[in-house]
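Here the structure comes first, spelled out in structure tokens, and everything after it is commentary.
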2 protein chains.
Amino acid sequence: MAVSVREVAAAASVSVGTVSNVLNRPDKVAPATVERVLSAIDDLGFVRNDAARQLRAGRSRSIGLVVLDVRNPFFTEVARGAEDRADADGLTVLLGNSDEDAARESAYVASFEEQRVHGVLVSPIGDDLARLRRLRERGVPVVLVDRVAPDGVLSSVSVDDVAGGRLAAAHLLGLGRRKLAFVGGPSGIRQVADRIEGAGLSVGDVPGASLEVISTEALTVLEGRAAGMAVLERAAGDRPDAVFAANDLLAVGLLQALVMHGELRVPQDIALIGYDDIDFAAAAVVPLSSIRQPAALIGHTAVDLLLREAADGERFSAEQIVFQPELIVRASTVG
Amino acid sequence: MAVSVREVAAAASVSVGTVSNVLNRPDKVAPATVERVLSAIDDLGFVRNDAARQLRAGRSRSIGLVVLDVRNPFFTEVARGAEDRADADGLTVLLGNSDEDAARESAYVASFEEQRVHGVLVSPIGDDLARLRRLRERGVPVVLVDRVAPDGVLSSVSVDDVAGGRLAAAHLLGLGRRKLAFVGGPSGIRQVADRIEGAGLSVGDVPGASLEVISTEALTVLEGRAAGMAVLERAAGDRPDAVFAANDLLAVGLLQALVMHGELRVPQDIALIGYDDIDFAAAAVVPLSSIRQPAALIGHTAVDLLLREAADGERFSAEQIVFQPELIVRASTVG
DNA sequence: TACTTCCATTGAATCGTTTCATTCCACCTT
DNA sequence: AAGGTGGAATGAAACGATTCAATGGAAGTA
């Protein structure tokens with residue numbers, strides 16, 4: 001059914017080798033021949049079979065990227081940064097969405113390996129990196145994204161989440177708030193755990209300050225709204241006076257719940273700060289204070305590191321790149 | 001370097017055919033043999049080569065999807081819907097982002113064809129569908145997403161954008177507004193053109209009403225902000241009293257510009273309505289009225305249609321599925 | 001004219017998996 | 001004991017592009 005080089009070769013009265021040369025090294029072929037082959041390709045509607053190319057080449061021309069949540073603009077931005085960088089080397093980024101589910105993550109990684117990608121970028125869920133380590137040992141470059149490897153055996157590009165958590169909590173404490181709540185989860189996600197830890201450090205520095213953890217099932221707008229409703233239902237004296245949300249999606253959901261009901265004011269009654277500083281943070285009901293991460297730069301750098309690892313082959317050494325987060329103050333904390 | 005079935009076969013003292021059977025039809029192989037092969041696979045760290053599988057199979061197990069903008073939650077949602085449906089058939093969705101650039105769109109479509117995908121879902125930019133039609137003629141199922149084919153020669157799943165535009169403008173007019181402005185562009189994007197057309201129809205029905213078009217380079221938050229600043233700089237009497245944004249991203253940007261400056265109130269001075277009803281619309285500074293489109297359903301239905309076309313082979317007939325949009329009223333129009 | 005150079009072209013071998021017609025073998029029937 | 005049955009395993013062929021050593025031939029040199 002489909003047209004192959006063989007048929008193109010026949011139609012142009014040349015050998016298959018020549019057709020291949022026209023496709024890949026046209027300068028090595030006489031102009032008249034190029035012309036003839038090209039028009040045969042056009043006439044027959046020949047389309048290269050990528051599977052065959054890749055089989056021969058031994059590698060695909062892509063990089064795999066697994067993110068926790070494509071609906072989170074932070075990750076979309078990371079992906080864009082990665083794409084930009086990959087593009088410069090003629091590579092494509094395959095985007096996988098784990099939806100914070102370890103099984104989906106594994107499935108994507110496995111599929112990427114079967115596709116013989118140049119390497120894999122992962123924002124992994126749990127702390128079990130054994131599988132990724134084995135992948136690396138099998139020769140596939142792996143770079144953790146938005147996350148450091150605990151034992152430094154894998155490369156990573158991340159932002160210091162402990163520092164970010166500390167920054168957020170210190171800001172709230174600096175405003176005089178004392179009853180802090182952290183909203184986020186599940187705590188199996190390292191970013192979440194680190195941000196809690198950082199917040200805890202800041203809170204520990206201030207006598208009389210407390211940090212409550214309100215756990216969520218996921219880092220989504222919907223979960224944020226639910227958490228907000230839960231806070232609303234409490235007795236007035238029982239509510240936190242400041243909330244640090246694990247990411248902006250949650251913060252936006254919290255805002256919806258808190259503000260829409262009209263009973264509580266942000267920031268007067270409850271100050272709110274998010275994380276990531278996505279585009280929508282500045283446009284929220286109450287413009288959202290947040291901790292900014294250089295999303296696109298993370299993606300860009302991760303691909304960079306990946307390609308360096310791929311070039312170094314066996315004798316690579318894992319490298320950890322850590323960016324510092326930045327506090328962005330808006331109306332949701334400073335009315 | 002890499003381990004192949006041949007080596008697994010040798011290690012397990014069976015033939016390559018048996019290894020393949022273990023992988024694909026384990027019930028056809030004696031349990032003891034399965035065991036032996038599996039452990040050989042494990043020992044050697046064998047990983048199937050997808051390129052070889054696909055070459056043999058003649059097709060990939062994916063569907064290509066090209067969207068106008070991945071950063072637009074509307075398209076993310078479409079993609080999710082498509083993924084869900086594809087998953088049910090064991091297929092994967094390859095996501096391409098044209099960023100409203102025709103060249104990037106073509107590049108993705110070409111790459112998808114080389115990958116021998118089951119079909120291609122495209123939200124095309126211009127009106128030149130010749131290339132897609134030729135693709136369809138070469139036997140690759142094509143379904144337009146969020147867009148009808150003008151001549152009905154290609155299948156499509158869309159929402160009636162003219163109706164949506166009419167709905168939005170009628171709502172604004174119903175509130176007593178007369179100086180309407182449409183913000184959006186480039187008009188080469190059909191959705192934009194249709195929404196303008198629909199708005200024009202509604203405006204035409206009301207004597208004394210006018211519709212100005214404020215053109216943008218793209219449908220992004222940033223462009224919306226720029227358009228908002230432009231409106232702010234006008235003399236008070238020269239400003240529209242209602243704005244219909246081509247999508248929610250623009251509307252969010254407009255809001256940022258209009259409200260942050262404190263001079264103009266939404267909706268009192270300017271009523272604002274967006275399009276798509278993304279999650280963030282409800283959480284905006286001023287909760288955003290919008291025209292809702294069933295994003296996930298569009299993706300789901302598009303894959304459905306694609307698979308049907310693929311099954312019907314040559315004697316398929318293009319089918320147009322059109323959903324109706326829905327007006328969602330929030331504070332940005334009705335204070 | 002004989003010989004070398006160099007460019008264009010050739011075509012068989014290769015990548016790794018799947019398929020399928022064939023072979024093998026053990027067990028059952030009569 | 002001969003023949004039959006069916007489950008298990010085999011291995012060569014095929015998928016389609018690329019590569020590379022080999023070949024052909026034209027132009028250039030002595």
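Values below: all heavy atoms of this structure, side chains included; hydrogens, waters and symmetry mates excluded. Keep in mind it's a predicted model, so treat the numbers as computed, not measured. Below, chain A is the first sequence line, B the second, and so on; all start at residue 1.
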Got a sec, which residues hit salt bridge (charged side-chain N to carboxylate O under 4.0 Å, His left out) with [X], two or more places apart in sequence or on another chain?
| X | value |
| --- | --- |
| A/Arg134 | none |
| A/Asp69 | none |
| A/Arg116 | none |

- request: Kindly state each residue pair satisfying side-chain hydrogen bond (donor to acceptor under 3.5 Å, both in side chains) with at least one member in residues 299-311 of chain A, sequence neighbours excluded.
  value: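 Every pair satisfying side-chain hydrogen bond (donor to acceptor under 3.5 Å, both in side chains) with a residue in residues 299-311 of chain A: A/Arg85-A/Asp304, A/Arg136-A/Glu309, A/Ser155-A/Glu309, A/Arg308-A/Glu319.
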- prompt: Which letter, B, S or -, goes with each nucleotide of nucleotides 9-17 of chain C from 5' to 3', with contact meaning a protein heavy atom under 4.0 Å?
  reply: SBBB-BBBB
- prompt: Between B/Leu305 and B/Ser156, which heavy-atom pair has the shortest distance, and what is it?
  reply: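 Of all heavy-atom pairs spanning B/Leu305 and B/Ser156, the closest is CD2-O, 3.8 Å.
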Listing, residues 32-48 of chain B side-chain donor-acceptor contacts under 3.5 Å, not counting sequence neighbours, or none:
residue	atom	partner	partner atom	Å
B/Arg36	NH1	B/Ala12	O	2.5
B/Ser39	OG	B/Arg36	O	3.2
B/Arg48	NH2	B/Asn24	OD1	2.8

field: Sugar-phosphate only, base, or nothing, as touched by A/Arg59 at under 4.0 Å among non-hydrogen atoms
entry: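 The residue A/Arg59 makes no contact with any strand.
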- request: Applying side-chain contact (heavy atoms from CB on, under 4.5 Å), name anything that partners B/Ser123, two or more places apart in sequence or on another chain.
  value: B/Leu68, B/Phe75, B/Asp146, B/Gln191
- request: Kindly write out the residues that satisfy side-chain contact (heavy atoms from CB on, under 4.5 Å) with B/Asp27, not counting sequence neighbours, or none if the list is empty.
  value: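 So B/Asp27 forms a side-chain contact (heavy atoms from CB on, under 4.5 Å) with B/Arg25.
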Heavy-atom contact window of chain A on DNA chain D, given 5' to 3' at under 4.0 Å: D/dG16 to D/dT19
- request: Would you please name every residue forming a side chain to side chain donor-acceptor pair (under 3.5 Å) with A/Gln115, sequence neighbours left out?
  value: A/Ser111
message: Using five pairs at each end of the helix from C/dT1-D/dA30 to C/dT30-D/dA1 to define an axis, what is the angle between those two axes, to 10°?
response: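 So the angle between the two local helix axes works out to 50°.
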field: Residue pairs, two or more places apart or on separate chains, that pass salt bridge (charged side-chain N to carboxylate O under 4.0 Å, His left out) and touch residues 91-110 of chain A
entry: A/Asp99-B/Arg80
